[in-house]
Engineer: 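Dropping the structure in here first, questions after.
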Amino acid sequence: MSEYRFEEEEYTSQVNTDTLVRIMGAVKTHWRWVLGFLISVAAVSIMESIFTYLGKIIVDEAIVPGNREVLVQTLALYGAISLFFAVMVFTFIYLAGVLGQKVRYDLRKRVFDHLQRLSFSFFDRTPVGWIMSRVTSDTERMADLVTWGLLDVTWAVMNIITALFFMATINWQLALIVLLLIPVLVKVAIWFKARILAEFREVRKLNSKVTASYNENITGVRVVKALHRESENLKEFNDLSSNMYRRAFRAAWLSALFLPAVQVISAIAIGSVIGFGGLQVEAGAMTIGGIQAFIAYITFMLWPVQDLARVYADMQQAVASAERFFSLLDTQPDIVNKPNALNVESISGDIEFENVTFHYQPEKPVLKNFNLKVRRGETIALVGPTGGGKSTTVNLICRFYEPKSGVIRIGGRDYTDYTLEAIQSRIGVVLQTPHLFSGTIRENIRYGRLNATDEEIVEAAKLAGAHDFINTLEKGYDEEVGEGGVLLSVGQKQLISLARAILSKPEIFIMDEATSSVDTLTEALIQRGMEALMRNSTSFIIAHRLSTIRRADRILVIENGGISEMGSHAELMRLKGHYYNLYTKQFRSELEAQYERLDVLPEPHTNGHHAAEPVF
């Protein structure tokens with residue numbers, strides 16, 4: 001594992017109002033749930049204020065004068081309101097829970113759908129851990145803000161409003177003293193705001209790197225163990241996690257300091273009210289029940305202010321998460337359909353590259369003024385050195401990328417005139433490293449054409465040479481393959497991948513070094529399946545084992561961004577150029593390997609006669 005070098009976009013220290021608006025926009029489609037949720041929270045807050053006022057009535061109008069009737073009536077009212085209070089508490093907790101799940105579902109669905117539309121170039125430059133962090137922890141924080149955070153804010157604001165209302169009803173002078181302390185609380189919040197937000201932004205960024213580090217070590221565990229990199233990787237991971245710990249510790253320290261600051265201001269407010277209220281009681285301007293209720297309302301109001309401080313700290317985390325979530329959602333795909341692009345039923349026809357130039361990095365062109373015309377139904381093999389442009393050529397055909405200059409035509413038409421779906425839904429690809437999805441063999445083959453019948457799946461598996469090994473499994477086509485196909489061998493995964501491609505009935509078929517990691521027997525099965533598939537399609541084969549492409553209509557040697565040799569196997573062997581050297585060198589290596597295997601075999605018994613030597 002090397003040092004993590006992916007750099008995220010930096011953000012200012014100010015809370016972005018637009019980001020907050022976008023976060024709250026996540027609940028727009030569920031406005032009925034939000035309305036019911038807010039009404040129930042407001043009702044709970046108002047009833048809590050009423051409970052306090054009823055306490056004042058009990059003291060001043062029932063206990064002090066000894067009025068039993070008022071006491072009974074007030075307690076009956078208290079009980080009735082308590083029942084309604086319980087119903088409202090249940091309602092807002094239920095609505096908050098449901099709303100939170102709906103928001104999580106919507107956010108994750110939106111980002112998953114968006115990821116499906118992004119171009120390959122995005123995934124080339126963006127680590128998986130960064131994406132996973134956006135989809136999981138960041139959406140979780142946003143959902144919490146628009147549910148429980150919104151609940152706390154609504155409850156706190158309503159508590160403050162109703163407390164001030166009842167305090168003004170009891171004694172407006174004392175209420176004014178309390179009201180003057182609110183700007184002080186706001187000033188304290190502003191002072192903490194920038195510092196907390198900056199720390200939590202850094203925590204979110206480091207969290208992405210830690211997640212990516214986990215992902216790299218888990219997916220590359222075989223390489224890590226084979227090279228004994230455990231201690232080095234642990235040291236690098238410790239550096240990352242230590243940085244995250246320090247930032248999180250500072251953020252937590254600031255958040256923790258915020259609450260005591262509010263409590264000190266609260267204590268000053270209560271002390272002022274007790275002192276001034278005592279003078280009011282002596283002067284007969286307030287009752288015992290009134291000052292008791294007043295102090296209760298101060299606590300009733302200032303505790304929500306402290307709660308707002310906590311919500312504010314949580315909001316900083318949610319905003320930091322939302323900024324990165326929306327940065328992903330705002331990423332535009334590099335390749336999009338033209339206006340009025342054609343969604344045709346077939347793209348069958350000749351394929352032509354005309355002066356195509358392409359680069360991943362501007363200073364390093366991969367293809368330069370590349371020209372090629374492939375006839376419909378032709379089989380083209382691509383060979384050449386690593387980095388010469390073989391995979392880039394087929395990626396351009398699939399329109400995973402588009403030429404930087406020049407044009408690619410399919411059926412005589414610029415292929416950008418077609419929709420992406422029109423092209424990519426009619427291309428079958430079998431890669432060097434096959435990928436299977438969690439589920440059964442049947443489900444993985446059906447992925448090639450979702451409306452395929454079981455009979456068509458079996459037929460595709462037979463053509464691919466996969467049917468026989470599938471039948472040996474305990475559950476046959478219903479056997480689980482595990483995550484990424486981990487429960488199957490590489491060869492078995494490759495055969496299923498080929499069956500999936502056959503089922504899709506592609507018009508353009510691409511094999512990208514699909515036999516380089518399998519044994520000779522599996523290679524023969526794949527070769528047979530390829531021949532079945534290539535009968536009705538234009539085919540491109542990138543080959544490591546040159547013996548698999550001898551029957552290709554044309555073989556292209558691609559190096560230095562262009563075609564250096566082109567012809568059939570026989571023509572290129574007669575040419576005695578680069579292809580000839582590659583083929584003879586590989587053939588010689590295979591022969592030497594066969595001799596080495598024979599040398600380690602025990603000599604057979606010949607009754608005194610020498611065994612016949614093998615002939616090649």
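For the numbers below, each heavy atom of this structure counts, side chains included, while hydrogens, waters and symmetry mates do not. No experiment lies behind these values; they were computed from the predicted model shown.
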Engineer: Side-chain contact, heavy-atom cut-off 4.5 Å: Ile335 with Phe400?
Structural biologist: no

Engineer: Got Met158 and Val41 here, is their nearest side-chain heavy-atom distance under 4.5 Å?
Structural biologist: no

Engineer: Decide yes or no on side-chain contact (heavy atoms from CB on, under 4.5 Å) for Leu54 and Ile81, but give the supporting numbers first.
Structural biologist: CA-CA 11 Å; Leu54 290 177; Ile81 295 175; 4.1 Å; yes

Engineer: So, Glu456 side chain and Ala452 main chain: donor-acceptor pair closer than 3.5 Å or not?
Structural biologist: no

Engineer: Hey, could you give me the CD1/CZ distance between Ile50 and Phe84, rounded to the nearest 0.5 Å?
Structural biologist: 10.0 Å

Engineer: To the nearest 0.5 Å, what is the distance between CG (Asn444) and CD1 (Ile496)?
Structural biologist: 6.5 Å

Engineer: Give, for atom CD1 of Ile57 and atom CD1 of Ile63, the distance between the pair rounded to the nearest 0.5 Å.
Structural biologist: 12.0 Å

Engineer: When the ring planes of His435 and Phe437 are compared, do they come out parallel, tilted or perpendicular, using 30° and 60° as the limits?
Structural biologist: perpendicular

Engineer: Write down the atom of His114, the atom of Thr331, and the distance for their closest heavy-atom approach.
Structural biologist: NE2-O, 2.7 Å

Engineer: Could you walk me through whether Leu75 and Ile58 pass the side-chain contact (heavy atoms from CB on, under 4.5 Å) test, one step at a time?
Structural biologist: CA-CA 8 Å; Leu75 289 176; Ile58 290 172; 4.0 Å; yes

Engineer: With a 3.5 Å distance limit and no angle check, can you tell me whether Ser45 reaches the backbone of Ala42 through a side-chain donor-acceptor pair?
Structural biologist: no

Engineer: Indicate yes or no for a side-chain donor-acceptor contact from Thr440 to the backbone of Glu443 under 3.5 Å, with no hydrogens or angles considered.
Structural biologist: yes

Engineer: Of all heavy-atom pairs between Asn343 and Glu421, which one has the smallest distance, and what is that distance?
Structural biologist: ND2-OE1, 4.1 Å

Engineer: Do other residues, nucleotides or ligands put more than 12 heavy atoms under 6.0 Å from Lys338 NZ?
Structural biologist: yes

Engineer: For the atom pair CG (Asp478) and CD1 (Ile441), what is the distance rounded to the nearest 0.5 Å?
Structural biologist: 9.0 Å

Engineer: Mind listing the closest non-hydrogen atom pair of Ala318 and Leu145 along with its distance?
Structural biologist: CB-CD2, 3.5 Å

Engineer: Can you find a heavy atom in the side chain of Phe122 that is under 4.5 Å from one in the side chain of Leu328?
Structural biologist: yes

Engineer: Quick check: does any side chain N or O of Thr74 sit under 3.5 Å from a backbone N or O of Leu71, one acting as donor and the other as acceptor?
Structural biologist: no

Engineer: Taking atom CG of Asn340 as the centre, report whether more than 12 heavy atoms of other residues, nucleotides or ligands fall under 6.0 Å from it.
Structural biologist: no

Engineer: Holding to side chain to side chain contact (heavy atoms under 4.5 Å, CB included), I want the full list of residues that pass it with Ser497, two or more places apart in sequence or in another chain.
Structural biologist: Val430, Pro434, Gln494, Arg500

Engineer: How close do Leu487 and Gly482 get, heavy atom to heavy atom, and via which atoms?
Structural biologist: CD1-N, 3.8 Å

Engineer: Return the minimal non-hydrogen interatomic distance between Ala26 and Leu107, and the atom names on each side.
Structural biologist: CB-CD2, 4.2 Å

Engineer: Taking the side chain as every heavy atom from C-beta outward, state whether Ile23 and Phe326 have any atom pair closer than 4.5 Å.
Structural biologist: yes

Engineer: In this structure, are over 12 heavy atoms from other groups packed under 6.0 Å from Met132 atom CE?
Structural biologist: no

Engineer: Rounded to the nearest 0.5 Å, how far does CG of Leu420 lie from CZ of Arg399?
Structural biologist: 4.5 Å

Engineer: Tell me, do Val481 and Val486 make a side-chain contact under 4.5 Å, heavy atoms counted?
Structural biologist: no

Engineer: Would you say CZ of Phe165 has more than 12 non-hydrogen atoms from neighbouring residues, nucleotides or ligands within 6.0 angstrom?
Structural biologist: no

Engineer: Above 12 or not: heavy atoms from other molecules or residues under 6.0 Å from CZ of Phe51?
Structural biologist: yes

Engineer: Run Ser49 and Thr162 through side-chain hydrogen bond (donor to acceptor under 3.5 Å, both in side chains) and show every step you take.
Structural biologist: CA-CA 6 Å; Ser49 295; Thr162 54; 2.7 Å; yes

Engineer: List the residues meeting side chain to side chain donor-acceptor pair (under 3.5 Å) with Glu69, not counting sequence neighbours, and say none if there are none.
Structural biologist: Gln73

Engineer: Using salt bridge (Lys or Arg N to Asp or Glu O under 4.0 Å), reason through Arg22 and Glu323 one step at a time and then give a plain yes or no.
Structural biologist: CA-CA 10 Å; Arg22 292 185 72 177; Glu323 286 169 338; over 6 Å; no

Engineer: Before giving the answer on salt bridge (Lys or Arg N to Asp or Glu O under 4.0 Å), spell out for Asp113 and Lys109 the whole-Å C-alpha distance, their side-chain angles and the decisive distance to 0.1 Å.
Structural biologist: CA-CA 6 Å; Asp113 182 60; Lys109 183 175 181 294; over 6 Å; no

Engineer: Do Arg134's NZ or CZ and the ring of Phe325 fall within the cation-pi criteria of under 6.0 Å and 45°?
Structural biologist: no

Engineer: Testing the basics here: between Leu150 and Met24, what is the closest heavy-atom pair and its distance to 0.1 Å?
Structural biologist: CD1-CE, 4.0 Å

Engineer: Could you check whether any side-chain heavy atom of Ile39 comes within less than 4.5 Å of a side-chain heavy atom of Thr91, counting everything from C-beta outward?
Structural biologist: no

Engineer: Walk me through whether Thr419 and Asn337 qualify under side-chain hydrogen bond (donor to acceptor under 3.5 Å, both in side chains).
Structural biologist: CA-CA 5 Å; Thr419 63; Asn337 291 326; 5.0 Å; no

Engineer: Is there a donor-acceptor contact under 3.5 Å from the side chain of Arg141 to the main chain of Ser321?
Structural biologist: no

Engineer: Are the side chains of Val98 and Trp33 in contact, using a 4.5 Å heavy-atom criterion?
Structural biologist: yes

Engineer: Do side-chain atoms of Thr147 reach the backbone of Ala96 as a donor and acceptor pair under 3.5 angstrom?
Structural biologist: no

Engineer: May I ask you to test the Ile457-Asp454 pair for a side-chain heavy-atom distance under 4.5 Å?
Structural biologist: yes

Engineer: Any chance you could lay out the salt bridge (Lys or Arg N to Asp or Glu O under 4.0 Å) test for Asp144 and Arg104, step after step, and finish with the verdict?
Structural biologist: CA-CA 9 Å; Asp144 285 343; Arg104 289 179 183 87; 2.7 Å; yes

Engineer: Roughly how far, to the nearest 0.5 Å, is the CZ atom of Arg324 from the OG atom of Ser137?
Structural biologist: 11.0 Å

Engineer: In this structure, is the centre-to-centre distance between the rings of Tyr53 and Phe166 below 6.0 Å?
Structural biologist: yes

